[in-house]
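Note sheet for the following structure.
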Amino acid sequence: MAINDISRISRPMLGVLAVFAFPALAHAGARFDPATHQFRLDGGAVTYAFGVNSAGALQSLYWGPQLAATDRLEAVTPPDLSGMDPSSSITPQEYPGWGRGFYTEPALKLAYPNGARDVVLTFVSGHAEGDSITVEMADIARPLHVSLRYTIDPATGIVGRSAIIRNDTAAPVRIDQASSAAWSLPQSDDYHLHYLTGRWAAEWTLQDRAITQGATVIESRRGSTGMQANPWFAIDRAGLTSEENGPVWFGALAWSGSWRISVDRNPMGDVRVVGGFNPFDFAYRLKPGETLETPVFYAGYSDQGMGGASRLMHHFERTKILPQSSAPKLRPILYNSWEATEFAVNEKGQMALAEKAAQIGVERFVMDDGWFGARNTDHAGLGDWTVNRTKFPNGLKPLIDKVHSLGMEFGLWVEPEMVNPDSDLYRAHPDWVINFPGRPRSEQRNQLMLNLARSDVRDFVLKAIDDLVSKNDIQFLKWDYNRNWSEPGWPEVDPQDQPRIYVAYIRNLYGIFAELRKRHPKLEIEDCSGGGGRVDLGIMGLTDQVWTSDNTDPFDRLSIQDGFTHAYAPAVMMDWVTDSPSWVNKRTTTLDYRFLSAMQGSLGIGADLNKWTETDFAGAARMVAAYKQVRQTVQQGDLYRLIRPTDASERAATLYVSPDRRQAVLFAFLHSSTKYDPQSRIHLAGLDPEKQYRVHAIDAAPGAVGETQSGAYWMRYGADVSMTGDFQARGLVFEEL
Ligand code: GLA
C-alpha cells in the first residue's frame, strides 16, 4: 500500500477532532500526544496509530508502511450511516465493548447481576514509554475498567496487544467474551485471508479465501490450540500481493487454550480482526477488585508479500518469543526412538540404538514413550512417572550414562497433563480429572485429562517432573499432549466459576513450564501434541522447539513444512528422517531425499537404526555432517519459499540466506518427471548482487570447486537445478568468495 493510501481510512469530514505530528527526530518507539489524545507506534518499517474521537472512543487511525514523523492523522468519528448502521457500530474501535448499538464482533461482552449486559468504553488516560503504550478506559457509567497494553518491536514493527479487565464495581461481573485486540485494516475490497488448518498427520494446510461481507471464524473449542486450526492469520490484497511482493497484514495469538479469531467485513467495507479467548462456553466471573488479563495478540505488516511476512514472524519469534531469544542456541541433531521401538523400550535396546545414533553424528538421544509405569501400550501407565523396572532394572542411570559417554545429551518423553484410568495415579485420585459429576468421562487415546486448574494437581505435576529431572541427568524433555478436552467440569468450585478452567488450566501449565525452567536453567523442552497440535506463540515462549507432525513422510512433509513456516520459524520446526517405505503412505524415497526434506528445519532422525545397512550409515553420516555446515543459516537465516509445494506443483524449492548474506542454502525437490518436460532455472533471492558466490552440492567433499557467479547472476539468470526421475532432491550451497 502506498503512503497516500491513508486517505482510504479517513472518513467524510465530520467531527474532526484533532491532528497531530511527532518531532521529526524521534521517529521510532511509542508516542502519546496528550494535546490531541493520539497515539503512535513506529518500528521496523511500520506505523500503527490510533486516537480518541469526539465520542471518547478509541479509534484506529492507521496501520501499514511507515509514515513520516511529520504526517498528520485525523480522528474522525464516522456519522450514522442510517438508523440501522449507527456510528457506534461502524467506528473502527480499538477495543469495542458490546453496548450501545454495536453489531459486529465486540472485544468485550459482560453481564451484571442486575441483568444489565452492556459496556461502553471511553478514554480515561494514556501513557507512552519506550516501545509501550498503556491506555486506561472505563465504562461510561460503572467503574468497570480496561487497561489496553501495546508494545512495538523496533526491529520488525510487530505490535503486541492485550487487555486487563478490572471489576471495580461492588458486585461480581461475568465476562462472557474477552478478546485481546481488535485490528482494523485500511479500506480495500480485494482482501484475501490465509489461515492454517489440519488434522492428525496432516497439519499446516494453508487455506485461502476472499474476504467478502460476513465473518470468517477460525477457532479452537478444544481446550488447547488444536491442529484443526492454528491461531495465525495473514491478509493480503489479491491483485497486489505475491510471495515476495505486496502488502500483507498478519498476526498470531500467544495462547494455548481455546481461542478464536474472527475476520469480518462490515457493510461499510471495513475489515476487522478480533481475537482472544474463545467466547464459546466462556464465563469468567470477576469478583469486586478482580482482574482478567487476556493473552497477547501480536500482529505485523510487510510490503514484501507472504515471504516477507513470515520472515518478520521468524525473526520476531527468534529474538523476542523463544526462551533463548537473548542467546539463541543451535538445535542439536536429535535421535528419537519412537518409530523404531514404539512402547517396546528397554535398557539394552536403547543402548544399542544410542551407539548407532552416535556413529552418524547425533547430538541428543531421546527415549520416547514406554519407559515408565505399566506402559506397554497406550492403555495404561500415564500418570505414573516412575521408571518401569522390568524394562530398566537399574533405573535410567545406566542408559543416561551410556548416552553421555557417547557424547550425546539425553532426553525423555513425558505426557504430564494426562492419566490413564489404568494407572496408580487414577486409582488414588479419581477426582483429579476434568469431569462433569455423574456424566461419562470420555476417553481419547484411552486417557483422561488431569485438571491442572486445581492447585494440588498443578503441584503434583510440577513435582513429578521436577523430581524426574532432578534425580536423573536429563537435558531435554519431549512434552506431549495427546487428546482434547471433553466434559470440561471442575466440580470442586462454585458452578458459576467452573468455566474459569479454560483460563486457569493454561495459566498453571505456563506456570509449570516457567518454574521448571527456573529450577533447571539448562533443561530444554520440545512442545508436542500428537504432532503439531499445540503450537502457538504462548507455548513457544516457554519451550525450545516443537514437533511439527507425526507424519514423517518426506514428500508429505514438504507441504506440511511449507504451511508451518508461514507462521513459525524453521529453527523450532522438528523434522525427522525416518524409514522408507513411510508408515504413513507406503511411499518409497531415497535416504538423500529424506534428509534433504528434513534438513529444511531442525534435523532429527527417527528411523529404526537396527535395520540400516552400512551404506545407510555412511549416507546418514555424510548428510548429518553436511547439515552441521548449514544449520546456522537454516535455523537463523531468512527463508525464501522459491517454489511452493502445492498439490499441483511438480517441483518445490526453499532457500535459506544467512543474515550476513555470505551463505545461501537451496533445497529443491522434484515430484516426478514427465515427458522430458524442461525445468526452468531456479532464481535465488536475498543474495548480495555485487558479490561472487561459488556453488557446491550440500554434501560435496571438502574443497570441491563449483561454478562461481555473482549474486545478481544467481538471482536474475538463475541456477540450473535439473532433476530426472521420481522423488528427486538436490541441496546446493552458495558461499560468498
Ligand atoms: C504422540 C507423539 C509421537 C509419540 C507418541 C508416543 O503421538 O506425537 O511422536 O511421541 O505420542 O505415544
Side-chain angles (χ1 to χ4, degrees), residues 15-20 22 29-41 48-62 73-78 87-89 91-102 106-112 116-152 159-184 274 276 284 286-294 296-297:
V16 174
L17 185 74
V19 292
F20 79 145
F22 292 118
R31 302 275 178 277
F32 171 49
D33 181 347
T36 59
H37 287 163
Q38 295 198 5
F39 299 84
R40 179 164 157 170
L41 294 150
Y48 186 96
F50 55 99
V52 183
N53 69 16
S54 57
L58 205 60
Q59 177 175 328
S60 162
L61 296 181
Y62 177 82
L73 298 171
E74 299 162 6
V76 181
T77 311
S87 173
S88 50
S89 194
T91 299
Q93 291 185 62
E94 286 286 290
Y95 199 78
W98 185 75
R100 277 199 177 118
F102 188 82
L108 181 63
K109 184 173 182 314
L110 44 73
Y112 294 95
R117 301 189 306 282
D118 70 325
V119 57
V120 176
L121 296 172
T122 52
F123 174 80
V124 176
S125 65
H127 177 70
E129 193 175 337
D131 299 319
S132 308
I133 285 171
T134 308
V135 186
E136 301 296 341
M137 308 283 287
D139 178 62
I140 47 172
R142 303 181 190 90
L144 188 289
H145 293 108
V146 176
S147 285
L148 300 179
R149 302 280 173 88
Y150 293 78
T151 56
I152 189 158
V159 174
R161 293 188 50 191
S162 61
I164 300 175
I165 301 141
R166 194 173 72 247
N167 175 16
D168 291 324
T169 75
V173 176
R174 193 186 70 219
I175 310 295
D176 292 324
Q177 181 164 352
S179 293
S180 308
W183 307 93
S184 296
V274 182
Y284 198 100
L286 282 185
K287 296 192 194 75
E290 281 190 338
T291 57
L292 172 63
E293 183 167 359
T294 71
V296 183
F297 197 169

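Computed over heavy atoms, backbone and side chain alike; hydrogens, waters and symmetry mates excluded. Positions are given from 1, in the same order as the sequence printed here.
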Inset, instruction - Given side chain to side chain contact (heavy atoms under 4.5 Å, CB included), test R161 with E94 step by step and report yes or no. - result: CA-CA 10 Å; R161 293 188 50 191; E94 286 286 290; 3.3 Å; yes
Legend entry - Verdict with supporting geometry, W183 and Y48, side chain to side chain contact (heavy atoms under 4.5 Å, CB included): CA-CA 10 Å; W183 307 93; Y48 186 96; 3.7 Å; yes
Legend entry - Test log, rule side chain to side chain contact (heavy atoms under 4.5 Å, CB included), inputs L58 and H37: CA-CA 9 Å; L58 205 60; H37 287 163; over 6 Å; no
Inset, instruction - Would you please test V120 and D139 for side chain to side chain contact (heavy atoms under 4.5 Å, CB included) and show each step? - result: CA-CA 5 Å; V120 176; D139 178 62; 4.2 Å; yes
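Note that CG of L110 is 5.0 Å distant from CD1 of I175, once rounded to the nearest 0.5 Å. Atom CE of residue M137 and atom CZ of residue R166 lie 13.5 Å apart, to the nearest 0.5 angstrom. For the atom pair H127 NE2 and I133 CD1, the distance stands at 10.0 Å (nearest 0.5 Å). Distance check, rounded to the nearest 0.5 Å: OG1 of T134 to CZ of F39 gives 9.0 Å. Interatomic distance, E136 CD to I164 CD1, rounded to the nearest 0.5 Å: 8.5 Å. Atom CG of D176 is separated from atom CH2 of W98 by 10.0 Å, given to the nearest 0.5 angstrom.
Closest non-hydrogen pair, R31 versus A128, comes out as C-CB, 3.7 Å.
Inter-residue side-chain proximity for V135 and Y95 is flagged as unmet; no heavy-atom pair is nearer than 4.5 Å.
With H145 as the partner, the side-chain hydrogen bond (donor to acceptor under 3.5 Å, both in side chains) test is satisfied by one option alone out of T169, T291, D168, N167: D168.
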